[in-house]
Q: 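I have a structure I would like to understand better, so I am pasting it below and will then ask my questions one at a time.
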Amino acid sequence: MSKELKTITINEKSETTFKERLWVVIPVVLLVGLISTLVYNHHTEFSWDGFIAGFNQEFLIFFCIGVFAQLVDGTLGMGYGATSTSFLLAYGIPPAISSTGVHVAEMFTTGASAISHHRFGNINKKLVRHLLIPGVLGSIAGAYLLSDVIDGDAIKPYIAVYMIALAIIIIRKAMQKNIIKKKTKKLGVLASFGGFMDAVGGGGWGPIVTSTLLGNGRNPRYTIGSVNAAEFAVAFASGVTFMLFGGIQGWQVIIGLILGGVIAAPIAAILVNRIKRKPMMILVGVLIIILSLKTLFKLL
C-alpha cells in the first residue's frame with residue numbers, strides 16, 4: 001500500500017514539474033522559432049557593414065527607450081507600449097513602424113518578462129488562462145486593421161490622444177485610496193478590448209487590463225506577473241499579424257527595443273515588490289502626457 005502511495009506521489013510530482021516547465025519551455029521554443037524564421041526570411045537584407053553602422057546614436061536612443069519601458073511595465077504591470085510608443089512618436093517614428101516595432105520587440109521582452117515573473121513566483125495561472133485567448137483574438141483583430149486597413153498617418157493624432165487617455169487612467173489609479181476587493185466580471189471582454197486597443201494604439205494592454213484588476217483590489221504582485229505572462233501571447237499574436245500583413249520595417253527600432261527590454265526584464269521582476277507604485281505611476285503618466293502633447297503639437 002505504501003509503495004502504491006509513493007508511486008502516485010512521484011507521478012503527481014513529475015506531472016507538476018512538467019507543467020511548471022511548460023511555463024518556461026513554451027516561451028523559449030516560440031522565441032527560438034521566431035528568431036530562426038526572421039533570420040531565414042530576412043538574412044539577405046543585412047550585411048556586416050550595415051549591422052555595424054546600425055549601432056549609432058539612434059540605436060542607443062531606442063535601446064534606452066526599451067530599458068525604461070520594460071522597467072516601467074515589469075514593475076507596474078503596465079506602460080510598455082504606451083511609454084515606448086509615446087517616445088517613438090515624439091521622436092518622429094511613423095505609427096505603423098512604431099506599433100510594429102513595439103509589438104515585435106514585445107514578443108521578446110514579454111517572453112523574458114513572463115519567464116522572470118514565473119521564476120520569482122509572481123504568476124496566478126488561473127488568471128492567465130482567463131486572459132489568454134480573448135486577449136490574443138483582440139490583438140489579432142487590431143493588428144490586422146492597423147497593418148492592412150487603417151492609414152497610420154491619418155490616425156497619428158488619435159493615437160496621441162489615446163495615449164493621453166491611458167496616462168490619465170494610470171494617474172487616476174495611482175491616486176485611488178481604500179480599494180475594496182471585488183470580483184472582476186467579464187474578464188474575457190476586458191482582455192479582448194485590451195488586446196485590440198494595444199495593437200491599434202501601440203499600447204494599452206497594461207493600462208486597461210492591469211489597472212482594472214488592481215482597481216478591483218487584486219493582489220498587485222500576482223496581477224502584474226499574470227498580466228505580463230498573458231501579454232506574451234497577446235504580443236506574439238499581434239506581432240505575427242503585423243509581420244504577415246505589413247512586413248517588418250524599422251529594424252533599428254526593433255533591435256534596440258528588444259535588447260533594452262530583455263536586459264531590463266529580470267531587474268523589473270525583482271523590483272516589482274520593492275518599488276513605491278504611487279509616485280512611479282504618477283511620474284509615468286505625466287511623462288506620457290508630455291510626450292503625447294509634443295506629438296500633437298508637431299501635427300498642428
Side-chain angles (χ1 to χ4, degrees), residues 19-20 22-28 30-31 69-70 72-82 99 102-103 105-144 166 169-170 173 179 181-242 261 265 268-269 272 277:
K19 287 180 179 178
E20 288 294 319
L22 283 178
W23 288 86
V24 176
V25 170
I26 290 174
V28 170
L30 288 174
L31 290 177
Q70 186 58 42
V72 169
D73 189 74
T75 53
L76 298 182
M78 65 182 80
Y80 181 90
S99 194
V102 167
H103 285 91
E106 276 189 314
M107 294 163 80
F108 293 89
T109 59
T110 54
S113 184
I115 292 169
S116 299
H117 278 295
H118 179 266
R119 168 70 179 78
F120 292 105
N122 298 339
I123 293 176
N124 179 331
K125 292 162 190 173
K126 185 179 178 181
L127 178 58
V128 174
R129 286 193 291 269
H130 280 298
L131 297 174
L132 207 62
I133 294 176
V136 165
L137 294 176
S139 69
I140 291 172
Y144 169 70
L166 290 183
I169 290 173
I170 292 172
K173 293 296 181 182
I179 298 173
K181 186 173 182 179
K182 53 186 178 182
K183 188 176 181 180
T184 308
K185 297 179 181 179
K186 298 181 179 178
L187 270 174
V189 175
L190 175 67
S192 297
F193 180 67
F196 179 83
M197 294 307 297
D198 186 80
V200 172
W205 173 257
I208 291 170
V209 179
T210 305
S211 63
T212 300
L213 296 176
L214 291 179
N216 287 343
R218 281 184 174 264
N219 182 291
R221 174 186 172 185
Y222 295 111
T223 299
I224 291 168
S226 303
V227 173
N228 267 261
E231 190 176 14
F232 170 65
V234 172
F236 206 93
S238 58
V240 169
T241 305
F242 276 122
V272 69
R277 292 178 51 77

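Atoms considered below: every heavy atom in the structure, side chains included; atoms not considered: hydrogens, waters and symmetry mates.
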Q: To the nearest 0.5 Å, how far apart are OG in S192 and NZ in K186?
A: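 Answer for the OG-NZ pair, S192 versus K186, is 12.0 Å.
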
Q: When rounded to the nearest 0.5 angstrom, what is the spacing between CG in N124 and CD1 in I224?
A: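 The CD1 atom of I224 is 13.5 Å from CG of N124, to the nearest 0.5 Å.
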
Q: For the residue pair Y80 and A105, what are the closest heavy atoms and their distance?
A: OH-CB, 3.9 Å

Q: Looking at every heavy atom in both G261 and Q70, which two are closest together, and how far apart are they?
A: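 Looking at all heavy atoms of both residues, the shortest contact is O-CG, 3.2 Å.
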
Q: Do you know the tightest heavy-atom contact between L127 and S226?
A: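 The pair with the smallest heavy-atom distance is CD2-CB, 3.7 Å.
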
Q: Can you sort out the partners of V209 under side-chain contact (heavy atoms from CB on, under 4.5 Å), two or more places apart, ordered by chain and number?
A: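 Applying side-chain contact (heavy atoms from CB on, under 4.5 Å) to V209 gives L131, L190, W205, L213, V227.
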
Q: Taking atom CD1 of I133 as the centre, report whether more than 12 heavy atoms of other residues, nucleotides or ligands fall under 6.0 Å from it.
A: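 No.
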
Q: Flag the pair F236 / V136 as yes when at least one side-chain heavy-atom distance between them is below 4.5 Å, and no otherwise.
A: no

Q: Which heavy atom in G225 sits nearest to a heavy atom in I123, and how many Å separate them?
A: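 Where G225 meets I123 most closely, the heavy atoms are O-CG1, 3.8 Å.
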
Q: List the atom of A143, the atom of A199, and the distance in Å for their closest heavy-atom pair.
A: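 Heavy atoms only, the tightest pair is N-CB, 3.4 Å.
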
